[in-house]
Amino acid sequence: MKYNVDEWGYYGEFGGAYIPEMMHSNIKLLRDNYLNIINSEDFNKEINSLLRDYAGRPSPLFHAKRLSKHYNTNIYLKREDLNHTGAHKINNTIGQILIARRLGKTRIIAETGAGQHGVATATVCALMGLECVVYMGKLDVERQMPNVLRMKMLGAEVVPVVSGNMTLKDATNEAIRDWINNPNDTYYIIGSVVGPHPYPDLVARLQSVISRELKWQLKEHTGKSDPDYIIACVGGGSNAAGSFYNYLDNEKVNLIAVEAAGKGVKTAETAATIATGSPGIIHGSRTMLIQDEDGQVKEPYSISAGLDYPGIGPLFAALNQSGRVTFESATDEEAMEAAFRLTRLEGIIPALEPAHALAVLDKIRFGLKDVVVITLSGRGDKDMAAYMSYMNRMNNIS
Ligand SMILES: *Cc1c(COP(=O)(O)O)cnc(C)c1O
């Protein structure tokens, strides 16, 4: 496959494994075994039954008729919001915990920002009876209390990180430190297509179930398995990678990735990495990142915690460079409007992250006959406070 990672973990000039020496043995163990494991029959039997009976897959493909009418095109929603725990993250954590067990690991660590990946990790640890430690910036612990409580109820230990800005970047550093100190019994479940090789490739493969299902579901709905457009939001890029994966070699399918512009790409308060970043190294891989002239990572900003990340998966840095994927961005305000539009037209409250993907419907004019797929990566329960304050603000204006 043309867009696949090479044997050294690179997508063109991006990717690789820039890691401390002390992490080397664990990364090598994973790198040497992950393909054999995920291609084995017993792994596939186990993951397929869990994806079906535990996560609730296949996730439905829904023809959004009123939204389609509004935009004069044909819009289908890939309903990852209906998965167990409310987002696509569970696809990845189920896969990685099965790998961890096959590598003989008994203790799981993870980092989390908004808490969605932490919850998905704590969930599969409860399911498998494995010890779970989740690192989370202290600021995020305070901002995302409902998810912290879910993790605790699931039996995970949530460690508030007080270094740096006390957010995701610092939580990731702390998780790496933990892995270095516990090299024998511990496995690190990374939550997106980021980090050192082989994580970006591993997570993309585990999320590729999204586009695998999309092919037969589109065929059922429309008579052909290829849409004209697939649109997904990108933080690190895992739901987009999964949505695009089985279409990357089919250049007739237009792939659109949507970043969080925050207050706007011309302001300092943004998380749009492709729009405002430059090449550098973050969390073990060479990719695009938001940094100042001295190469210091800048604190990103987005209303949506899941997109509030200063980097992007190396696969996407390469897909941007080659032009295979088109990058758009949406501001906080545009995402809010799009979330309310979907809610009022279809009775679906989306998470704030995929609301950014929905906002692109206002920026691109699609044809009357076009088939447009949008991945609804998660549901909006976690974002009700933000939605309510927006609604109150609108009511005060009118
Ligand atoms: C975490 C999250 C994202 C962003 O992560 P990606 O790896 O870019 O997919 C998007 N949507 C939801 C609902 C999330 O929880």
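As the structure lists them, so they are numbered: ligands from 1, and atoms in each ligand from 1.
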| query | Measuring from the heavy atoms of His88, does anything fall under 4.0 Å of ligand 1? | reply | yes
| query | Do the side chain of Asn239 and the main chain of Cys233 share a donor and acceptor less than 3.5 angstrom apart? | reply | yes
| message | Donor-acceptor pair, distance only, cut-off 3.5 Å: does the side chain of Thr73 make one with the backbone of Gly367? | response | yes
| said: Applying a heavy-atom cut-off of 4.0 Å, say which part of Asn239 lies close to ligand 1: side chain, backbone, both or neither. | reply: both
| Between Asp201 and Tyr34, does any side-chain donor sit less than 3.5 Å from a side-chain acceptor? | yes
| message | For the CD atom on Glu21, are there more than 12 heavy atoms of other groups (residues, nucleotides or ligands in this structure) within a distance under 6.0 Å? | response | no
| query | Is the shortest side-chain N to carboxylate O distance from Glu213 to Arg79 below 4.0 Å? | reply | no
| said: Does the plane of the ring in Phe366 sit parallel, tilted or perpendicular to the ring in Tyr229? Use 30° and 60° as the thresholds. | reply: perpendicular
| field | atom 12 (C) of ligand 1 [closest protein heavy-atom partner, distance rounded to 0.1 Å] | value | Ser377 OG, 3.5 Å
With heavy-atom distances below 4.0 Å as the criterion, list the atoms of ligand 1 near [X].
| X | answer |
| --- | --- |
| Gly235 | 8 (O) |
| Ser238 | 6 (P), 7 (O), 8 (O), 9 (O) |
| Gly306 | 4 (C) |
| Val234 | 8 (O) |
| Ser192 | 6 (P), 7 (O) |
| Gly378 | 13 (C) |

| Geometric cation-pi criterion Lys215 and Tyr247, 6.0 Å radius, 45° cone | yes
| field | Point-to-point distance, once rounded to the nearest 0.5 Å, from CG of Leu149 to CD of Gln144 | value | 11.5 Å
| Do any nitrogen or oxygen atoms of Gly237 come within less than 3.5 Å of a nitrogen or oxygen of ligand 1? | yes
| task | Give the single entry among Arg379, Gln116, Glu80, Lys89 that approaches atom 3 (C) of ligand 1 most closely by any heavy atom. | result | Lys89
